[in-house]
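Shown next, in C-alpha cells, is the structure this report addresses.
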There are 2 protein chains.
Amino acid sequence: MPSRLIASRELADMFKLLAHADRLRLIEELRAGEKDVTGLAVALGLPTTRISQHLGLLRAHRLVEERRDGRSHFYRLAHPFIADWIIDALPLVDIRLRLKDTDHIDAARALWSVRDPNSAC
Amino acid sequence: MPSRLIASRELADMFKLLAHADRLRLIEELRAGEKDVTGLAVALGLPTTRISQHLGLLRAHRLVEERRDGRSHFYRLAHPFIADWIIDALPLVDIRLRLKDTDHIDAARALWSVRDPNSAC
DNA sequence: TGCAAGACTGCAAAATCTTGCAGGTGACGA
DNA sequence: TCGTCACCTGCAAGATTTTGCAGTCTTGCA
C-alpha cells in the first residue's frame with residue numbers, strides 16, 4: 001500500500017478522534033496540567049461515565065497518559081503540542097463560518113491561549 | 001453560550017469534515033492547484049459520484065472553491081494554508097502509532113511536502 | 001472484613017455518516 | 001433539437017459513533 005494512502009488513513013483516524021466537542025474540551029482542560037476524571041467531569045458539566053469513555057479513546061490512541069493515585073486516575077496530555085496545533089486551526093474555523101464579526105473566535109483563541117484556562121470561562 | 005463551547009463545536013465540525021481519508025486525499029491533490037472532478041476521480045481511483053459528494057461537503061464548509069468552465073467543474077483549496085496545517089499533524093500520527101520505525105511517515109511527509117505531488121506516488 | 005468512592009467496561013438504542021444507485025441539470029456538438 | 005458528457009442531488013441500506021445504564025473492579029478506610 002502506498003505511503004500516501006497509509007498517511008491519509010492514519011490522519012483521518014486522528015481527525016476522527018478529535019472530531020468531538022467533548023474531547024476537544026478535555027484536551028483544552030488538560031492543557032493546564034493533569035486532572036482527575038471527577039475534576040474533568042465537573043469542569044465540562046458531564047457525567048463521569050461519559051468522560052471516562054472519551055478518555056478511554058484518547059488513551060487508546062496515546063493522546064493522553066494516565067497516572068493513578070489512590071482511587072483517582074489523573075490524566076495529562078501525552079504531547080502538549082497537540083493543543084497548540086489545534087489553536088492553529090482557529091483561523092480556519094473563522095473562515096469556514098465566514099463571519100462578518102470574528103469576535104467570538106478571537107475570544108476563543110484568547111481562552112485557549114491563556115496561561116491558566118480556569119481563570120476564564 | 002460561552003465562547004469556549006462555541007469554539008469546541010465549530011472546531012469539532014471542521015475536524016469531522018477532515019476525518020475521512022478520501023477528503024484528505026482530495027485536499028492533498030488540490031494542493032498542487034485546481035483540478036476538475038474527473039481528474040480527481042482518476043487520481044484517487046474512485047467513482048466521480050463519490051468525489052462529487054465529498055467535494056459538496058468541502059464546498060458547503062467553504063474549504064474549497066469551484067470554478068466552472070464548459071462542462072467541467074474545477075475545484076481549488078479556498079485556503080491552501082490548511083494543507084500545511086495538516087502536514088503539521090504528521091508527527092502526532094507518528095506518535096499515535098508508536099512505531100519503532102517511522103519510515104513510512106517520513107515518506108508520507110515527503111510526499112505531502114513535495115512541490116509537485118503528482119511526480120511521486 | 002465490609003462498605004463506599006472513583007473509575008472502567010459491556011451492551012443496546014439512538015444518532016450520524018458513508019455509499020451506491022437512480023434520476024436530474026446544464027453545456028457542447030452533430 | 002437530440003444525444004452525450006460532466007457533474008450534482010435525493011434517497012435508502014449499511015456501517016459507525018455516541019450515549020446512558022447496569023454491572024464490575026480497585027482502593028481506602030473503619
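Heavy-atom basis, side chains included; hydrogens, waters and symmetry copies ignored.
The CG-C1' distance, from Asp13(B) to dC17(C), rounds to 13 Å in whole Å. To the nearest angstrom, C1' of dG6(C) lies 13 Å from CG of Leu40(A). Between Ile51(A) atom CD1 and dT9(C) atom C1' the separation is 16 Å, expressed in whole Å. A straight line from CZ of Phe74(B) to P of dA6(D) spans 11 Å, rounded to a whole angstrom.
Contact check, Tyr75(B) against dC8(D): a side-chain N or O comes under 4.0 Å of OP1 or OP2. Between Ser72(B) and dA6(D) there is no side-chain polar atom (N or O) within less than 4.0 angstrom of OP1 or OP2.
Under the Watson-Crick and G-U wobble criteria, each requiring two contacts below 3.5 Å, nucleotide dA22(D) is paired to dT9(C).
Judged by distance alone, the side chain of His20(A) and the main-chain N or O of Asp22(A) form a donor-acceptor pair under 3.5 Å. A donor-acceptor pair under 3.5 Å is formed between the side chain of Asp36(B) and the backbone N or O of Gly39(B).
Taking CG of Leu30(A) as the start and CZ of Arg25(A) as the end, the distance is 12.5 Å to the nearest 0.5 Å.
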Original post:
With the sugar-phosphate defined as primed atoms, P, OP1 and OP2, and the base as all remaining atoms, what B/S/- string results for nucleotides 15-28 of chain D, 5' to 3', for protein heavy atoms under 4.0 Å?
Top reply: --SSBBB-----BS
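A salt bridge links Glu66(A) with Arg68(A): at least one charged nitrogen is closer than 4.0 Å to a carboxylate oxygen.
Using bins of under 30°, 30° to 60° and over 60° for the plane-to-plane angle, the ring pair Phe15(B)/Trp85(A) lands in the tilted bin.
In this structure, a donor-acceptor pair under 3.5 Å is absent between the side chains of Tyr75(B) and Arg67(B).
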